Structures are given as C-alpha cells and as structure tokens.
Amino acid sequence: MGDKVQWPKEMRSNPNRRNPDHWCEFHNDHGHKTSDCRFLQSEVDHLLKQGYLTELFSEKGKEAYMKNRQVPPKPLSPKRTINVISGGEYINGVTYTTSNKVSKVTITHGKRIRQVLEEESITFNDADADGVLSPHNDALVISLLVYDTNEKRVLIDPGSSVNIILLRVLREMQAEEKMIPKAHTLSGFDNSSVVTKGEVILTTFAEGVVKETKFQVVDMEMSYNMILGRPWIHEMDAVPSTLHQVIKFPSPWGICKIRGDQHAARSINSVTDVSTMNEEK
C-alpha cells in the first residue's frame, strides 16, 4: 500500500535485551512477534477506518466489523437556527469564473488523535475545491451546531486571538444566563477597540468532535454571528483553507472536514473582511 501506510521507526530499546527468537516483519527487526506488534495493530485499525483492507475480511468478519466499528455520534437536533440578513452581492470587484488551479498543502499533526502512531497528515487538492467558484477572495464562513442552535454565518478567522459571539446571538440562543460578566478590551487591526460584556462557555459540535469553547461576548453589529479564532482552531488541531473553502481536522474517525458557504461569504457586503479582534492583556 506504499505511502498509505505509516511505517514505524526503528526500535529504540537495547537490541541485547530483546528476545532474539521473535521477529517482527513490520519493524523488520527482532524483539517481538509480528502478531503482537501494537504499532501494526494500530496502523491496521487506522487503515480500516479509512476504508482500506476490508476486502480481506471473511463475510462473517466483515459483518462483525461493520456492526462494531466506531462511528461519529449523531449530532443533536438543533432547537433553532440563527441567520443574518445582509444585502450586497458585489464583492471587491472580482469577476468570478470557474478555473482548474492545482494546489496542494500538506500539514503534519502530532499524537493527539492517534496515540500510537506518530503523525497524521491533512492535505488539500483540486478535489477539495469542487464546486468552488474561482478565482475568489472569499472568507471561510461555515454553519456549526453550537449549544443547541444551528449557527450560520460563523467566520473562521486565524487572525483572531479570541472566539467572539454577539450578545444578540446569545440572547437568540436563549443562553444569556450562561454569560459571566467580565470586561476585556479587544482591539482590531485599525487600533479600534471594544469592551466585552462578558464571556461564555458553549459546546461546539463539529462532525462528532465536541469541544467546550470559551467566547468573548460583544454588544455590537457585524455581518457574522460569531467568529472562531485561533483558540478554537488550535484546540481542534484544525487547518482552514480559504482557497479551497474548507476546514479540515483530525478525529478518532479519520480526517473530517466542513465545507464553507461561499454564497454566504459573498453576500456579506464588505470591502474588507476584518481580521478580527485581539485581546489586550
């Protein structure tokens, strides 16, 4: 299977202390049996979750695997949906036509999801940009289940050092009582500032990955319902691509992704997408 397999590094233990009668074909070294190799077991499990190797099952084994394999939990049914009404379709004077650009980015992750294997790769290619109108300079705007609400117009902003939610949105979610009054000063790229009303911890649900997320609450008007900045992005081990209009992140079930809503991004009548707020210490 070539580079689809994560091959192990050399054994680090003292060769003189290993059992010379046991040979591991996966490590290509002595010390333990191939059938006892935990690295091989974990790699096989990972490949199965990616859809590989299932042809090697017997029919009975395949049925048992499909029945017992771990799958992402079903998301909660949202009690409400929050939209934003905003006009404007003309964005930055760009004429949008379809093109077939080739691009690939590879980013390597650590051990947070796959504890035994040493890395996980997130890649972007042409297939990720299927349906995206190009060329474009659109922000990455997604919909996400937050608390018990299907939240639309959520900006993914690596330029923001905090997660932000509007006080109006918090009220519409009927979660204002969860807010802890606490004033922080947030400054924008133009040195403008706003004092927060407080902070609130809300649960975010992303393709089965559940995170308790802290938001700074602001009472102002903006085109987005909330902004997910570096705290959420890094906690998720996520990699956003505005070019491909998708955000990807590792999970126990492999690499997951959320597709951006390019139409929503374009409908926001703004010459400049504010790369947002940073908390003043």
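All of these numbers come straight from a predicted model, not from anything done at the bench.
Looking only at distances, a side-chain donor or acceptor of T34 sits under 3.5 Å from a matching main-chain atom of E25. Using modelled atom types, no side-chain atom of S160 and backbone atom of D157 make a donor-acceptor pair closer than 3.5 Å.
Every residue two or more places apart in sequence or in another chain that forms a salt bridge (Lys or Arg N to Asp or Glu O under 4.0 Å) with R18 is listed here: D29. Not counting sequence neighbours, the partners of W7 by the ring-ring contact (aromatic ring centres under 6.0 Å, His included) test are F26. For Q174, the side-chain contact (heavy atoms from CB on, under 4.5 Å) criterion is met by R80, not counting sequence neighbours. Scanning for side-chain contact (heavy atoms from CB on, under 4.5 Å) contacts around N19 gives D21, H22, with sequence neighbours left out. Partners of H32 by ring-ring contact (aromatic ring centres under 6.0 Å, His included), not counting sequence neighbours, listed by chain and number: H27. By the salt bridge (Lys or Arg N to Asp or Glu O under 4.0 Å) test, D128 pairs with K248, K257, sequence neighbours left out.
For the side-chain contact (heavy atoms from CB on, under 4.5 Å) test with F215, the passing option among N163, I201, L170, V162 is N163; the others fail.
Within 6.0 Å of the CD1 atom in I180, the count of heavy atoms belonging to other residues, nucleotides or ligands does not exceed 12. By the 6.0 Å contact criterion, CD on E10 is open, its count of non-hydrogen atoms from other residues, nucleotides or ligands being 12 or less. No more than 12 heavy atoms of other residues, nucleotides or ligands lie within 6.0 Å of OH in Y52, so this atom counts as exposed by the packing criterion.
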Report the C-alpha distance between I258 and I142 in whole Å, list the side-chain angles of each, state the deciding distance to 0.1 Å, and finish with yes or no for side-chain contact (heavy atoms from CB on, under 4.5 Å). CA-CA 7 Å; I258 299 176; I142 67 171; 4.0 Å; yes

Test log, rule side-chain contact (heavy atoms from CB on, under 4.5 Å), inputs D138 and T242: CA-CA 7 Å; D138 300 320; T242 56; over 6 Å; no

Given the rule in the side-chain contact (heavy atoms from CB on, under 4.5 Å) test, do N225 and R168 qualify, once you have shown the distances and angles that lead to the verdict? CA-CA 9 Å; N225 285 324; R168 166 186 61 78; 3.5 Å; yes

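At a threshold of 4.5 Å between side-chain heavy atoms, the hydrophobic network of Ile, Leu, Val, Met, Phe, Trp and Tyr places I165 and V195 in two separate groups.
Between R153 and M226, the closest side-chain pair of non-hydrogen atoms is not below 4.5 Å.
If you check the side chains of T185 and S193, you find no donor sitting under 3.5 Å from an acceptor.
In this structure, R259 and V132 approach most closely via the heavy-atom pair NH1-CG2, 4.1 Å.
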